[in-house]
There are 2 protein chains.
Amino acid sequence: MFSSNEKLTRLMRHVLKLHRSHVDRLIRDYDVYPGQPPLLMRLSQQDGQSQRELAAGMLVKPATLTVMLGRMEKTGLVSRAPDDRDQRVTRVYLTDKGRIAAEAVMRAIEEVEARCFEGFLPEERLLLRRFVLQMHDNLSEWKPD
Amino acid sequence: MFSSNEKLTRLMRHVLKLHRSHVDRLIRDYDVYPGQPPLLMRLSQQDGQSQRELAAGMLVKPATLTVMLGRMEKTGLVSRAPDDRDQRVTRVYLTDKGRIAAEAVMRAIEEVEARCFEGFLPEERLLLRRFVLQMHDNLSEWKPD
DNA sequence: AGGTTAAAATTAGCTAGCTAACTAAAAATA
DNA sequence: TATTTTTAGTTAGCTAGCTAATTTTAACCT
């Protein structure tokens, strides 16, 4: 299915697509849509972050988050409240429903991740991480000529 | 920036995002939008494929392609014509403009790919491919319990 | 203090991807 | 042959992501 001159990045894209669709399937009953798991994870690690902080942590643009949070507020997963000190910033909180969803998401991710790296030795996992980090450094240090 | 308990898949997602944005930047002058490079590459390898074949090769749903091709027809990168034998199938062809864009895309991808794997030994590349293939197999053989 | 600059969030408008429901043509079958 | 089933493609409606422009509030600076 994947010939050996197939670009590795294409293969990686496909793997991540599978990863995401598995997670989606496992949390289908929680009103959580495909892009939202990372947000729920971050909020359950630290509740009440500003949208800017969340966007930075999720490597996503603030505008993307604005729309996403609007939807999640509507489905009752999060609530928003302005910061006391700085009226510009909006802080985001998990609702009870959101907390339940976040735990389901956490379990789902752990499960998919475990499957994904089944058969990997610990040192292979480390090596893989080193490779991906090197790819990251190669691409992020690259200023256009 | 990426703590060692950060999920590896998240890191991979970020790397692919960088990869895509670099390619986008390099082809900015050819009316080619982010999802279109894979399509142009496939068509330049074999012109006149059916939409179904293209969708399967790109690992994308046919409905996605319908919309995408509509846009690309409008920007003049591709043309569509019904198959002679089977009136259900639509075949897709590169225009002259599309062929020029496809070559630019090819150069851009090669350039980014080269950057991405700079400093990798050939055997490291192979090892990485083996890892990613194993991830792929782990996730695609997984039938939900 | 008052005017300017910077920062946080939103809005508008686009592309990409999905699912589900539909149409039309070909193939299979009774 | 007539009916049913399968296949290719489209349409509608959604989420996710982006950029660019706008608004509002805080910070800065003379």
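Letters go in sequence order (proteins before strands), and every chain restarts at 1.
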### Message
What is the distance, to the nearest angstrom, from the CG atom on A:L54 to the P atom on C:dA8?
### Response
13 Å
### Task
Please assess A:F117 against B:L8 for the test side chain to side chain contact (heavy atoms under 4.5 Å, CB included), listing each intermediate value before the final yes or no.
CA-CA 10 Å; A:F117 296 109; B:L8 198 40; 4.0 Å; yes
#### Entry: Members of residues 64-80 of chain A that approach DNA chain C, where some heavy atom sits under 4.0 Å away
A:T66, A:R80
#### Entry: Of A:E53 and B:G35, the one whose closest DNA chain C nucleotide lies more 5'
A:E53
### Passing candidate, salt bridge (charged side-chain N to carboxylate O under 4.0 Å, His left out) with B:D31, options B:K74, B:K97, B:R71
B:K97
### Task
Let me see the working for A:E113 and B:K7 under salt bridge (charged side-chain N to carboxylate O under 4.0 Å, His left out), right down to the final yes or no.
CA-CA 8 Å; A:E113 208 80 0; B:K7 287 279 173 291; 5.5 Å; no
Report, one pair per line, the protein and nucleotides 26-28 of chain C atoms (nitrogen or oxygen only) whose separation is under 3.5 Å.
from   : atom 1 : to    : atom 2 : distance (Å)
C:dA26 : OP1    : B:Q87 : N      : 2.9
C:dA26 : O4'    : B:R88 : NE     : 3.4

### Message
Considering every strand and a 4.0 Å limit on heavy-atom distances, what is the contact class for B:S21: base, sugar-phosphate, or nothing?
### Response
nothing
### Residue pair B:R115, A:E141: steps toward the salt bridge (charged side-chain N to carboxylate O under 4.0 Å, His left out) verdict
CA-CA 10 Å; B:R115 269 294 176 154; A:E141 284 164 10; over 6 Å; no
## Note on the structure
Taken to the nearest 0.5 Å, the spacing of A:H19 NE2 from B:N138 CG works out to 11.5 Å
#### Entry: Nucleotides bounding contact with chain A, strand DNA chain D, heavy-atom threshold 4.0 Å
D:dT15 to D:dA26
### Query
For A:D86 and A:R88, what are the C-alpha separation, side-chain angles and deciding distance, and is it a salt bridge (charged side-chain N to carboxylate O under 4.0 Å, His left out)?
CA-CA 5 Å; A:D86 188 337; A:R88 289 173 303 181; 2.9 Å; yes
